[in-house]
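A quick write-up on the structure given underneath.
Atoms considered below: every heavy atom in the structure, side chains included; atoms not considered: hydrogens, waters and symmetry mates.
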Amino acid sequence: MRLGLALGYWGRGPDPGQLGLVQEAERLGYDSVWTAEAWGSDAFTPLTWIAAHTSRIRLGTGIVQMAARTPTATAMHALTLDHLSGGRMLLGLGLSGPQVVEGWYGRPFPKSPLTATREYVEVIRQVLARKDPVELAGRFHSHPYAGPDATGLGKPLKPITHPLRASLPVLLGAEGPKNIAQTVEIADGWLPLYWSPLRTDVYETSLTGLREGFMVAPMARAHVCDDVAEGLWPVKAMLGFYIGGMGHAARNFHADLMARMGFEEQARRIQELFLQGRKDEAVRAVPDAFADEISLIGPRARIAERLELWRTGPVTDLLVTAPDPHTLRVLAELNS
């Protein structure tokens with residue numbers, strides 16, 4: 001099981017300590033580093049900065065939101081950074097949800113998310129292959145564009161720049177069972193948002209027929225500390241925000257996933273509290289057991305014991321959000 005460092009997205013501004021953390025991760029043998037985007041900082045620019053200050057560690061977007069860019073624009077970003085980094089790019093994509101897609105990006109959330117995702121990936125594959133001009137008679141991503149307001153002058157094109165790798169890995173962030181199953185079919189890897197090594201049966205059917213080399217790369221908070229309850233608080237805060245605030249009361253993919261993992265009553269209560277503006281109560285309502293299952297928190301011996309659980313399933317890459325170099329070092333030692 002390889003280790004990766006997940007930096008997430010910026011808050012109020014960039015974290016001045018992140019570059020040093022990445023360089024320490026590279027020194028310790030971490031395989032990859034991942035950036036994210038929501039409705040603030042983008043994912044590609046920090047990776048370019050990191051690429052210029054590292055030499056080996058692979059560079060992943062975890063995740064790029066599809067609504068933010070056309071598939072050809074995303075492919076351009078990926079092939080450019082792949083060249084600049086010497087072939088270290090890992091392209092992680094996600095559909096996000098209606099609240100963000102329509103509220104921030106000002107675009108309609110696709111009525112058929114599976115089709116929209118499949119078309120998006122197909123266009124990117126065509127760009128990276130650079131065999132023929134990009135052409136797709138799609139429902140959401142037609143190339144050339146052929147909508148009712150088209151001029152009819154659109155011309156199929158292929159990239160001027162030759163991609164460094166036609167095989168640049170494409171990974172998808174997927175939560176629903178059908179979306180995960182399609183990810184196994186069309187992508188090179190899967191980026192689970194929540195992964196519990198105690199509940200792998202939740203995904204068993206969707207992960208049938210994994211190909212050799214397919215990446216299963218969940219993200220998990222890691223922190224070597226003496227007080228488990230205190231260490232779990234940032235995990236609970238993240239869960240409270242995602243489950244309570246990252247979606248509508250009637251359509252929240254994160255809450256639905258938590259429900260499928262056996263915490264339905266608690267997920268609905270977190271939503272209810274968060275949407276009432278009682279955010280602190282929503283965080284306190286996150287079960288410690290759930291937060292603990294999806295993270296690696298506590299003293300070294302406890303983390304060592306729990307890390308073994310992560311090795312027993314299909315996980316190929318553990319992407320950790322770690323607040324300090326000490327935690328990175330302990331995980332590298334335990335995983336060696």
Side-chain angles (χ1 to χ4, degrees), residues 3-22 24-25 30 33-41 43 46 62-63 173 175 191-198 217-247 252 254-255 257-258 261 263 266-267 269-271 273-274 277-307 309-310 318-332 334:
L3 293 177
L5 173 62
L7 298 175
Y9 40 77
W10 295 355
R12 185 180 298 240
D15 181 346
Q18 278 192 345
L19 182 58
L21 202 64
V22 174
E24 177 66 1
Y30 278 62
V33 59
W34 301 75
T35 57
E37 59 188 23
W39 48 92
S41 60
I63 58 175
E175 294 181 51
L191 296 163
L193 183 60
Y194 313 135
W195 178 274
S196 168
L198 302 177
M219 298 184 186
R221 172 83 173 184
H223 189 195
V224 178
C225 59
D226 294 327
D227 190 328
V228 175
E230 182 180 344
L232 284 176
W233 187 253
V235 184
K236 295 179 66 168
M238 175 273 294
L239 289 169
F241 174 67
Y242 270 79
I243 293 162
M246 289 281 278
N252 183 312
H254 310 305
L257 174 58
M258 183 177 174
M261 295 179 76
F263 296 90
Q266 296 93 327
R269 179 59 176 162
I270 294 165
Q271 277 190 290
L273 290 168
F274 198 97
R278 298 155 66 183
K279 297 180 182 179
D280 289 342
E281 291 180 64
V283 172
R284 288 195 292 270
V286 175
D288 284 358
F290 181 59
D292 198 23
E293 284 182 23
I294 66 171
S295 58
L296 289 160
I297 305 293
R300 179 186 177 113
R302 185 176 194 265
I303 290 178
E305 180 181 339
R306 298 172 74 84
L307 191 61
L309 297 174
W310 291 76
L318 175 58
L319 313 183
V320 298
T321 58
D324 60 274
H326 175 62
T327 295
L328 290 181
R329 285 193 292 272
V330 168
L331 284 172
L334 293 176

- prompt: Is there a donor-acceptor pair closer than 3.5 Å between any side-chain N or O of S41 and the backbone N or O of W10?
  reply: yes
- line: Rounded to the nearest 0.5 angstrom, the OG-CE distance for S295 and M238 is 8.0 Å
- prompt: Which atom names give the shortest non-hydrogen contact between A322 and L328, and what distance separates them?
  reply: CB-CD2, 3.7 Å
message: A side-chain contact here means heavy atoms from C-beta on lying under 4.5 Å apart; do I243 and V286 qualify?
response: no
query: What distance do Y9 atom OH and E37 atom CD have between them, rounded to the nearest 0.5 Å?
result: 11.0 Å
query: Considering only heavy atoms from C-beta outward, does the side chain of I63 approach that of L191 to under 4.5 Å?
result: yes
task: Check the pair D292 / R302 against side-chain contact (heavy atoms from CB on, under 4.5 Å), numbers first and verdict last.
output: CA-CA 11 Å; D292 198 23; R302 185 176 194 265; 2.6 Å; yes
message: Test side-chain contact (heavy atoms from CB on, under 4.5 Å) on L319 and V33; report intermediate values, then the result.
response: CA-CA 8 Å; L319 313 183; V33 59; over 6 Å; no
- prompt: Could you give the distance from CD1 (I303) to OG1 (T327), rounded to the nearest 0.5 Å?
  reply: 6.5 Å
- request: Would you check if T321 and H223 make a side-chain contact, meaning some heavy-atom pair closer than 4.5 Å?
  value: no
- request: May I ask you to test the Q266-F290 pair for a side-chain heavy-atom distance under 4.5 Å?
  value: no
message: One thing to verify: whether D324 and R329 come together as a salt bridge, which I'm taking to mean a side-chain N less than 4.0 angstrom from a carboxylate O.
response: no
message: When you compare the side chain of R284 with that of W233, does any pair of heavy atoms fall below 4.5 Å?
response: yes
- request: Could you label the plane-to-plane angle of the Y194 and Y242 rings as parallel, tilted or perpendicular, counting under 30° as parallel and over 60° as perpendicular?
  value: perpendicular
field: Heavy-atom side-chain proximity of V224 to H326 below 4.5 angstrom
entry: yes
- prompt: For the atom pair CD (E293) and CH2 (W195), what is the distance rounded to the nearest 0.5 Å?
  reply: 12.5 Å
query: What's the shortest heavy-atom distance between P287 and I270, and which atoms?
result: CD-CD1, 4.5 Å
message: Would you compute the distance between atom OH of Y30 and atom CG of L3 and round it to the nearest 0.5 angstrom?
response: 5.0 Å
task: Can you measure from CZ (R300) to CG (D226) and round to the nearest 0.5 angstrom?
output: 13.5 Å
- request: Check whether any side-chain N or O of T35 sits under 3.5 Å from a backbone N or O of A43 as a donor-acceptor pair, and report yes or no.
  value: yes
query: At their closest point, which heavy atom of A255 faces which heavy atom of A267, and how far apart are they?
result: O-CB, 3.8 Å
- request: Just do the side-chain contact (heavy atoms from CB on, under 4.5 Å) check on L273 and R269 with the steps written out, would you?
  value: CA-CA 6 Å; L273 290 168; R269 179 59 176 162; 3.5 Å; yes
task: Taking the side chain as every heavy atom from C-beta outward, state whether I297 and C225 have any atom pair closer than 4.5 Å.
output: yes
query: Does the side chain of R221 come within less than 4.5 Å of L296's, by heavy atoms?
result: no
